[in-house]
Amino acid sequence: QLVESGGGLVQAGGSLRLSCAASGRAFSSFNMGWLRQAPGKEREFVAAIRWSGADSIYADSVKGRFTISRDNAKNMVYLQMNALKPEDTAVYYCAATLIPSSDYVGSYDYWGQGTQVTVSS
């Protein structure tokens with residue numbers, strides 16, 4: 001089970017930190033990702049981190065502004081979002097996959113319920 005938190009309303013240029021709490025002892029075996037879906041748009045990849053935390057990948061639209069991290073001892077994944085833009089407004093999902101460094105939405109097998117991020121201009 002994956003449970004996201006930390007979403008909210010923020011002004012453009014501001015920051016938010018999303019958290020994802022995972023249950024289950026197999027958490028450290030999974031590669032984790034953050035994906036988002038804006039109104040009227042398809043779900044898209046944001047960032048992913050390998051099971052070990054050794055490497056991560058980002059969508060071009062967030063590169064240099066967002067940072068994904070994980071703490072396997074706490075079964076947690078985080079997404080630090082800086083320099084937020086109105087186009088970052090979306091529901092953000094935490095998801096798990098056995099495929100490392102995947103930017104393919106369809107490869108994610110387990111999903112949280114999502115947390116809303118709204119960036120005002």
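Positions are given from 1, in the same order as the sequence printed here.
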Contact between [X] and [Y] at the side-chain level, heavy atoms closer than 4.5 Å - yes or no?
X      : Y      : result
Ser19  : Lys74  : no
Arg43  : Tyr108 : no
Tyr78  : Thr67  : no
Tyr104 : Thr97  : no
Val77  : Phe27  : yes

How far does [atom1] of [X] sit from [atom2] of [Y], to the nearest 0.5 angstrom?
X      : Y      : atom1 : atom2 : answer
Ser23  : Leu2   : OG    : CG    : 7.0 Å
Met32  : Leu79  : CE    : CG    : 11.5 Å
Phe45  : Tyr58  : CZ    : OH    : 9.0 Å
Arg36  : Thr115 : CZ    : OG1   : 14.0 Å
Gln116 : Gln37  : CD    : CD    : 11.0 Å
Phe30  : Tyr110 : CZ    : OH    : 5.0 Å

Any donor-acceptor N/O pair, [X] side chain to [Y] backbone, under 3.5 Å:
X     : Y      : answer
Asp88 : Ala12  : no
Glu4  : Gln113 : yes
Asp71 : Met76  : no

By side chain to side chain contact (heavy atoms under 4.5 Å, CB included) - contacts of [X] (at least two apart):
X      : value
Ser120 : Leu9, Gln11
Glu87  : Lys85
Val117 : Leu16, Leu18, Met81, Tyr92, Val119
Ala83  : Arg65

Which atom names give the shortest non-hydrogen contact between [X] and [Y], and what distance separates them?
X     : Y      : result
Ile57 : Ser101 : CD1-O, 3.3 Å
Val62 : Val46  : CG2-O, 3.6 Å
Leu35 : Val105 : CD2-CG2, 3.6 Å
Gly14 : Val10  : CA-CG2, 3.9 Å

Contacts of type salt bridge (charged side-chain N to carboxylate O under 4.0 Å, His left out), residue [X], not counting sequence neighbours:
X     : value
Lys41 : none
Arg70 : none
Arg17 : none

Taking only residues at least two apart or on different chains, which pairs with a member in [range] satisfy disulfide (SG to SG under 2.5 Å)?
range          : answer
residues 38-72 : none
residues 4-33  : Cys20-Cys94
residues 42-75 : none

Apply side-chain hydrogen bond (donor to acceptor under 3.5 Å, both in side chains) to Ser107 and list each qualifying residue two or more places apart in sequence or on a separate chain. Ser102
Residues two or more places apart in sequence or in another chain: which of them pass side-chain hydrogen bond (donor to acceptor under 3.5 Å, both in side chains) with Ser15? Asn82
Between Trp34 and Ile49, is there shared hydrophobic-cluster membership here, with clusters defined by ILVMFWY side-chain heavy atoms closer than 4.5 Å? yes
Verify the neighbour count for atom CH2 of Trp51: are there more than 12 heavy atoms of other residues, nucleotides or ligands below 6.0 Å? no
